[in-house]
Asks: 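Structure below; questions to follow.
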Amino acid sequence: MQAKKNIFLIGFMGAGKSTVARYLHSHHGMEWLEMDKEIEKREGMTISEIFRRKGEEYFRELETRLLLSLENRSNTVVSCGGGVPLRSCNVEAMKKSGIVVYLAARPETILERVKDSHDRPLLEGHKDVAYIEGLLEKRLGKYDAAADVQIATDGRRAAEIGEEIYALLLSKDKGCKENVM
Ligand code: S3P
């Protein structure tokens, strides 16, 4: 079955967006789009290089442009960069074509998941719980406001989370078709 809507996975770096997206792709045949990878491909530079050479604002503009270009897609799971919900125009673009799912994780869980990677410029030199907690707190209001649904990921497997999201997507696809007679 092909989903009519898209799924946008939002959440802090290391919340498990890519892992859950990969699960939905391989178990439910959804198209899978990794925003960071797509931006890297389009720009011919890594995210770290884009931040270093062009600055964060330029990167945020690329995110917005990419989201706007997805409006005619369906049956796609989009793994969003952690900063995507910070711009309200991005949230509007996501809601036009899909449901927005916030994958929440505790700072300790996030640290565990990001501690060995070096491809997130905002966390370089700040791999500690206090810093992650601070940045997460600053963003929580935006994540909350953007989310159609929130799922805590700590200690849960991608399969479990993926199935929960897919069931939700199918129920939204059906819409309201109750027979009132
Ligand atoms: C960012 C998250 C990263 C990437 C960039 C900025 C953020 O993506 O887009 O480093 O502002 O939270 P992931 O959430 O996929 O790590």
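Sequence positions, counted from 1, serve as the residue numbers for this chain. Whatever order the structure lists them in is the order used to number ligands and atoms, beginning at 1.
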Asks: Where on R139 is there a heavy atom closer than 4.0 Å to ligand 1, on the side chain, on the backbone, on both, or on neither?
Replies: side chain
Asks: Does ligand 1 come near enough to G82 that some N or O of the ligand is less than 3.5 Å from an N or O of the residue?
Replies: yes
Asks: Using a 4.0 Å cut-off to any heavy atom of L122, which atoms of ligand 1 qualify?
Replies: 7 (C), 11 (O)
Asks: Judged by modelled atom types alone, do S79 and E34 share a side-chain donor-acceptor pair under 3.5 Å?
Replies: yes
Asks: Closer than 4.0 angstrom, basic N to acidic O: yes or no for E92 and K95?
Replies: no
Asks: Are E57 and R87 ion-paired here, with the side-chain N under 4.0 Å from a carboxylate O?
Replies: yes
Asks: Charged N to carboxylate O below 4.0 Å: is that the case for R156 and E164?
Replies: yes
Asks: Please confirm whether D119 comes within less than 3.5 Å of ligand 1 when only nitrogen or oxygen atoms on both sides are compared.
Replies: no
Asks: Quick one: pull up CD in E124 and CG in D119 and give me the separation to the nearest 0.5 Å.
Replies: 8.5 Å
Asks: Students should be able to answer this: which protein heavy-atom is nearest to atom 3 (C) of ligand 1, and at what distance?
Replies: D36 OD2, 3.4 Å
Asks: When you check the side-chain N and O atoms of Q150 and D144, is any donor under 3.5 Å from an acceptor?
Replies: yes
Asks: Identify the closest protein heavy atom to atom 10 (O) of ligand 1: which residue and atom is it, and at what distance?
Replies: P121 CD, 3.6 Å
Asks: Find the distance between CD (E38) and CG (L70) and round it off to the nearest 0.5 Å.
Replies: 8.0 Å
Asks: Taking non-hydrogen atoms only, is K17 closer than 4.0 angstrom to ligand 1 via side chain, backbone, both or neither?
Replies: side chain
Asks: Mind checking whether L86 contacts ligand 1 via backbone (N, CA, C, O), side chain (CB onward), both or neither, at a 4.0 Å heavy-atom cut-off?
Replies: neither
Asks: With heavy atoms only and a cut-off of under 4.0 Å, state how R60 meets ligand 1: side chain, backbone, both or neither.
Replies: side chain
Asks: Using a 4.0 Å cut-off to any heavy atom of R120, which atoms of ligand 1 qualify?
Replies: 16 (O)
